[in-house]
K.L.:
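Questions regarding the structure given below will be posed in turn.
Quick caveat: nothing in here was measured; it's all calculated off a predicted structure. Values below: every heavy atom of this structure, side chains too, minus hydrogens, waters and symmetry copies.
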Amino acid sequence: MAQQLSFDLPAKPALGRDDFFVAPSNAMAVAMLDPSFAWPGGKLVLSGPKRSGKTHLVHVWASHSGARILPARALTTADVPQLADGPIAIEDVPDIAASAEAQDALFHLHNLVLANGHALMLTGRAAPHLWGMSLPDLQSRIDGAHHAQLQPADDALLSVVLAKLFNDRQITPKPDVIPYLVAHMDRSFAAASQIVEELDRLSLTEGRMVSRLLAVELMSDRSELPSCGIDDVQPVDPQLFSPVSTGPAAADD
């Protein structure tokens with residue numbers, strides 16, 4: 001079959017509250033981000049695996065609180081007074097474990113934001129005591145924050161994550177694609193994101209719909225197929241591709 005030209009256009013993730021699916025693995029973290037929940041000490045650490053929904057939840061909180069969002073690597077001491085004028089979320093704090101300057105800036109931002117009566121959110125993949133800050137005063141303040149942890153996905157959440165990832169790329173797969181993927185893929189949010197991206201590229205390149213057959217071919221190429229057959233899955237509920245009214249679907253970092 002002749003291959004078609006494909007264009008790797010970036011997917012635009014939906015980051016609203018109604019796009020996030022609440023499941024047992026993330027319900028506690030979602031509850032702590034409710035505007036009515038007062039964080040002890042005015043600060044919260046949000047942790048979870050890659051693509052577990054941290055960035056999504058940060059944006060949900062920011063939309064309610066008016067908070068700024070900044071990656072830890074972009075933080076400088078000169079910016080601290082301005083950033084401390086309101087609530088703020090600092091993402092991927094472990095990324096600055098080797099930067100004494102960035103840690104010093106975060107330490108001063110932490111103190112000034114709270115002194116000004118505003119809220120501070122910090123995010124990272126691992127539990128906060130594993131973030132490895134070389135500045136002891138900063139690590140102790142991180143350890144003292146209330147901690148909300150996003151757990152690994154169960155089948156229901158992983159299914160909705162896949163549905164959201166397809167929807168972000170404006171793809172409607174055949175109903176039996178998602179159950180097949182859930183049964184055969186590595187059970188992580190990062191794997192879900194990579195598989196959807198690869199299916200999208202393969203579909204465009206070969207001019208084919210995203211079907212279970214295409215998924216089988218991809219998974220075979222990825223050497224991720226277990227010994228069970230491909231006929232032991234049930235079709236996915238088409239409503240997964242409608243807006244989620246009961247809560248959001250996690251699908252980012």
Side-chain angles (χ1 to χ4, degrees), residues 6 8-31 33 48-60 63 150-206 208-222 224-226 228 230-253:
S6 63
D8 191 14
L9 300 176
K12 183 179 180 180
L15 296 176
R17 173 62 177 81
D18 291 339
D19 302 302
F20 195 95
F21 181 78
V22 180
S25 57
N26 61 34
M28 183 63 70
V30 173
L33 296 180
K50 182 179 180 181
R51 299 288 182 179
S52 59
K54 294 188 299 297
T55 292
H56 193 153
L57 287 178
V58 168
H59 279 80
V60 170
S63 69
L150 297 170
Q151 302 292 339
D154 53 24
D155 283 0
L157 180 55
L158 197 56
S159 295
V160 179
V161 167
L162 286 164
K164 181 184 183 298
L165 289 167
F166 279 122
N167 189 62
D168 287 344
R169 292 176 175 272
Q170 301 181 12
I171 299 171
T172 303
K174 294 292 187 179
D176 52 1
V177 170
I178 289 177
Y180 171 78
L181 292 175
V182 170
H184 295 84
M185 64 182 280
D186 177 45
R187 304 188 62 76
S188 72
F189 298 105
S193 178
Q194 184 176 6
I195 287 170
V196 170
E197 179 180 352
E198 291 176 6
L199 277 172
D200 186 15
R201 185 182 301 114
L202 186 60
S203 172
L204 290 171
T205 300
E206 298 189 1
R208 299 164 60 187
M209 296 186 65
V210 177
S211 63
R212 186 176 67 175
L213 179 58
L214 191 68
V216 170
E217 293 175 6
L218 174 67
M219 299 301 281
S220 297
D221 290 341
R222 291 169 59 92
E224 291 186 1
L225 276 174
C228 55
I230 67 173
D231 297 319
D232 54 355
V233 295
Q234 299 298 318
V236 71
D237 185 348
Q239 291 184 349
L240 286 178
F241 295 94
S242 302
V244 178
S245 59
T246 57
D252 54 33
D253 189 28

K.L.:
Can you find a pair of side-chain heavy atoms, one from Lys174 and one from Met209, that are under 4.5 Å apart?
P.N.:
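The answer is yes, as the side chains (C-beta and beyond) meet within the 4.5 Å cut-off.
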
K.L.:
Kindly compute the distance separating NE2 (His59) from CG (Leu33), expressed to the nearest 0.5 Å.
P.N.:
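It is 13.5 Å, given to the nearest 0.5 Å.
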
K.L.:
If you measure from NE2 on His56 to CG on Leu150, what distance do you get to the nearest 0.5 Å?
P.N.:
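The CG atom of Leu150 is 11.5 Å from NE2 of His56, to the nearest 0.5 Å.
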
K.L.:
I'd like to check the side-chain contact (heavy atoms from CB on, under 4.5 Å) partners of Leu202; sequence neighbours left out, ordered by chain and number.
P.N.:
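Applying side-chain contact (heavy atoms from CB on, under 4.5 Å) to Leu202 gives Glu206, Leu214, Leu218.
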
K.L.:
Out of Val161, Val210, Thr172, which one pairs with Phe166 under the side chain to side chain contact (heavy atoms under 4.5 Å, CB included) rule?
P.N.:
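Only match with Phe166 under side chain to side chain contact (heavy atoms under 4.5 Å, CB included): Val210.
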
K.L.:
Is there a side-chain contact between Glu217 and Leu213, using heavy atoms and a 4.5 Å cut-off?
P.N.:
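Glu217 reaches Leu213 side chain to side chain.
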
K.L.:
Which value, rounded to the nearest 0.5 Å, describes the distance between Leu162 atom CG and Ile195 atom CD1?
P.N.:
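Here the rounded value is 7.5 Å.
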
K.L.:
Do you know which two heavy atoms are closest between Val177 and Ala215, and how far apart they sit?
P.N.:
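Reported closest heavy-atom pair: CG1-CB, 4.4 Å.
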
K.L.:
Is it the case that the side chain of Ser159 and the backbone of Asp155 share a donor-acceptor pair, with hydrogens and angles ignored and the cut-off at 3.5 Å?
P.N.:
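Side chain of Ser159 to backbone of Asp155: a pair is present.
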
K.L.:
Is the shortest side-chain heavy-atom distance between Leu199 and Leu181 below 4.5 Å?
P.N.:
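Leu199 vs Leu181: side chains touch.
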
K.L.:
Got a sec, which residues hit side chain to side chain donor-acceptor pair (under 3.5 Å) with Gln194, two or more places apart in sequence or on another chain?
P.N.:
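Only Glu198 meet the side chain to side chain donor-acceptor pair (under 3.5 Å) criterion with Gln194.
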
K.L.:
Go through the structure and list residues passing side-chain contact (heavy atoms from CB on, under 4.5 Å) with Ala190, not counting sequence neighbours.
P.N.:
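Here the qualifying residues are Lys50, Arg51, Ser188.
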
K.L.:
Of the non-hydrogen atoms in Met219 and His184, which two are nearest, and what is the gap between them?
P.N.:
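In this case the closest contact between Met219 and His184 is CE-O, 3.7 Å.
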
